[in-house]
Number of protein chains: 2
Amino acid sequence: MPYDPSAFPPFAVTVDLVVLTVRKDALYALVVRRGEPPYQGRWALPGGFVRDDEDLESAAGRELTEETGLRSQALEDQDAGAHLEQLATYGAPQRDPRMRVVSVAYLVLAPDLPSPIAGGDARSARWAATDALLEAADGADREAEEQHVPLAFDHGEILRDGVERARSKIEYSSLATAFCPAEFTVGELRRVYEAVWGVALDPRNFHRKVTGTPGFLVPTGGTTTRQGGRPAQLFRAGGATLLNPPMLRPEV
Amino acid sequence: MPYDPSAFPPFAVTVDLVVLTVRKDALYALVVRRGEPPYQGRWALPGGFVRDDEDLESAAGRELTEETGLRSQALEDQDAGAHLEQLATYGAPQRDPRMRVVSVAYLVLAPDLPSPIAGGDARSARWAATDALLEAADGADREAEEQHVPLAFDHGEILRDGVERARSKIEYSSLATAFCPAEFTVGELRRVYEAVWGVALDPRNFHRKVTGTPGFLVPTGGTTTRQGGRPAQLFRAGGATLLNPPMLRPEV
DNA sequence: CCAATAGTGTCTATTAGACATTATATT
DNA sequence: AATATAATGTCTAATAGACACTATTGG
């Protein structure tokens with residue numbers, strides 16, 4: 001096709017973030033309250049327009065920092081910080097009633113933050129259990145109830161895809177450690193798996209499995225009793241990104 | 001953010017296709033020759049602009065039909081036709097020197113086509129071995145050689161991501177059948193795995209594994225000798241999309 | 001006959017999962 | 001002492017992988 005700037009329709013491009021964390025033994029997502037129409041007053045995923053000279057991943061990282069104060073951490077990096085990866089792109093013609101918007105969604109896996117949310121636009125941001133958010137997206141009949149209001153736009157669908165991505169990725173990658181602080185115990189890592197998958201795992205088999213997978217965990221030498229009981233060894237994430245053999249999700 | 005149409009920079013949105021097929025026991029990708037600058041004369045992935053009122057997946061399906069005559073087949077459908085799924089989105093600011101373009105890449109897995117390519121713009125389209133295309137992307141030193149010219153734009157990177165997606169997805173899904181005709185033998189399916197992974201598999205263990213995985217294969221009753229030797233049973237793809245247990249790629 | 005592919009059977013080392021036991025902290 | 005969590009050990013059924021063997025075509 002010949003180059004003709006008038007031959008293509010103009011789009012707005014945004015990034016939306018599915019920021020997940022584990023707290024209170026459940027999976028939580030970051031949502032922000034919308035201040036203007038459409039969907040005024042409803043909860044939505046954080047996000048915003050991609051700037052003129054900005055890479056997509058840079059835009060996602062910038063939005064993340066603006067909303068949470070977290071530093072993003074691309075796939076390559078190993079240091080502390082949240083894991084960030086591209087999730088999928090959503091571009092149905094009427095997904096935003098104002099104009100044609102294509103949104104590139106990014107998935108962020110973050111440890112439970114000490115301060116609730118320390119960002120700029122934090123007044124109207126909160127963590128919400130993904131269970132409740134996704135229930136709302138399904139059962140549209142009882143919206144009147146407490147938290148059972150679906151997310152704005154197609155953000156319910158995006159959140160569902162993000163949760164499913166997280167659930168499957170911790171099977172065959174070491175990403176579950178992204179939900180943990182820099183140093184963590186085997187029990188804490190197990191509680192991450194249990195929260196994300198929504199199942200109970202045998203602590204003894206889990207311990208044998210993760211400590212036996214090469215490159216998954218590296219002992220730091222320290223111990224902690226923050227969970228009560230016998231002191232547990234502290235680990236940090238090892239260099240391995242792909243787990244072989246994978247962690248097996250029960251009865252799938 | 002308040003709604004202000006002048007507040008966001010305009011983007012062009014395109015779809016690019018990674019169309020893969022198995023032929024001659026190797027993985028091949030569809031490429032088209034560029035007629036205009038930039039990268040004039042170079043090979044590129046097929047693709048084009050998303051139209052004003054068009055869904056992203058519809059645009060990908062339309063481009064696929066235009067380029068190959070194939071009917072696309074979204075994830076839900078089970079009938080004959082190529083498998084189509086979203087791969088990833090590429091939006092580096094300078095990836096197209098003419099203007100800011102965000103490209104949503106789609107992955108298509110197609111059976112080996114009887115006629116080479118029966119589409120509109122087929123004059124300058126061909127199947128190319130992915131090995132050669134990706135070698136070119138790596139070793140930029142010997143571009144002078146036969147096919148060792150890298151793909152236009154960032155299409156080498158997109159192709160690499162598509163091949164990697166295909167390699168990993170046939171492990172835990174029944175997608176390998178998308179490379180086969182409607183009816184196929186266990187041996188033909190095994191050659192698909194061998195071509196995509198680039199390994200040799202034990203025919204006897206493979207047979208036991210795939211026929212023992214519930215929902216993977218459904219016998220049609222017919223037989224064929226098109227491969228020579230003893231007649232082989234014909235199968236079609238079963239309803240299962242996720243394989244449990246997964247096929248295991250050797251020595252990864 | 002031989003060569004080629006299809007299909008089934010057998011053996012073994014490994015492993016997932018169930019569960020016992022010991023260790024070390026707090027209350 | 002009672003209780004909680006950590007860590008290691010044992011047993012068994014299931015399985016991946018190696019490989020023997022038979023079946024059925026074409027040349």
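Order of the sequence lines fixes the chain letters, A, B, ..., with proteins taken first and strands second; residue numbering starts at 1 for each chain.
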(message) Do B:F235 and B:T177 have side chains that approach each other closer than 4.5 Å (heavy atoms only, starting at C-beta)?
(response) no
(message) Would you compute the distance between atom CD of B:Q227 and atom CZ of B:F184 and round it to the nearest 0.5 angstrom?
(response) 13.0 Å
(request) Starting at atom CG of A:L189, determine the distance to atom P of D:dT5, rounded to an integer number of angstrom. (result) 17 Å
(request) Would you kindly give the NE2-to-C1' distance between A:H207 and D:dA7, to the nearest whole Å? (result) 5 Å
(message) What I want to check is whether the side chains of B:D16 and B:Y90 have a donor and an acceptor closer together than 3.5 Å.
(response) no
(message) Could you tell me how far apart B:R208 (CZ) and D:dC19 (C1') are, to the nearest whole angstrom?
(response) 11 Å
(request) Consider the side chain of B:N205, meaning its heavy atoms from C-beta on, and name the nucleotide among D:dA6, D:dA18, D:dA7 that approaches it most closely. (result) D:dA18
(message) Let me spell it out: for each of B:K209 and A:V186, pick the nucleotide of DNA chain D with the closest heavy atom. Which residue's pick is nearer the 5' end?
(response) A:V186
(message) Whole angstroms only, please: what is the CG-P distance between A:D202 and D:dA6?
(response) 13 Å
(message) By the 4.0 Å heavy-atom rule, please label A:R226 as base, sugar-phosphate, or nothing.
(response) nothing
(message) Quick check: do B:V104 and B:Q86 have side-chain heavy atoms less than 4.5 Å from each other?
(response) yes
(message) For a quick test of reading the model, state the closest non-hydrogen atom pair linking B:V31 to B:P46 and the distance between them.
(response) CA-CD, 4.5 Å
(request) Please round to the nearest 0.5 Å and tell me the distance separating atom CG of B:D112 and atom CD of B:E188. (result) 11.0 Å
(message) Assess the residue pair B:R249 and A:N244 against the criterion (side chain to side chain contact (heavy atoms under 4.5 Å, CB included)); give the C-alpha distance rounded to whole Å, side-chain angles, the decisive distance to 0.1 Å, and a yes or no.
(response) CA-CA 11 Å; B:R249 177 157 35 158; A:N244 199 348; over 6 Å; no
(request) Could you state the atom-to-atom distance from CG of B:L201 to P of D:dC19 in whole Å? (result) 15 Å
(request) Indicate yes or no: at least one non-hydrogen side-chain atom of A:E171 is less than 4.5 angstrom from one of A:W197. (result) yes
(request) Measure across B:K209 and B:P246 and return the closest heavy-atom pair with its distance rounded to 0.1 Å. (result) NZ-O, 3.0 Å
(message) Taking the minimum atom-to-atom distance to the side chain of A:Q233, which one of D:dC21, D:dA16, D:dA7 wins?
(response) D:dA7
(message) Taking the nucleotide of DNA chain D with the nearest heavy atom to each, does B:L248 or A:T185 sit closer to the 5' end?
(response) A:T185
(message) Please identify the 5'-most and 3'-most nucleotides of DNA chain C with any atom under 4.0 angstrom from a heavy atom of chain A.
(response) C:dA16 to C:dA25
Polar pairs (N or O, both sides) under 3.5 Å between protein and nucleotides 25-27 of chain D?
none

(request) Could you state the atom-to-atom distance from CZ of B:F206 to C1' of D:dG17 in whole Å? (result) 15 Å
(request) For A:P203, answer base if it contacts any base atom (sugar-phosphate contacts may also be present), sugar-phosphate if it contacts only those atoms, and nothing otherwise; contact means non-hydrogen atoms under 4.0 Å. (result) nothing
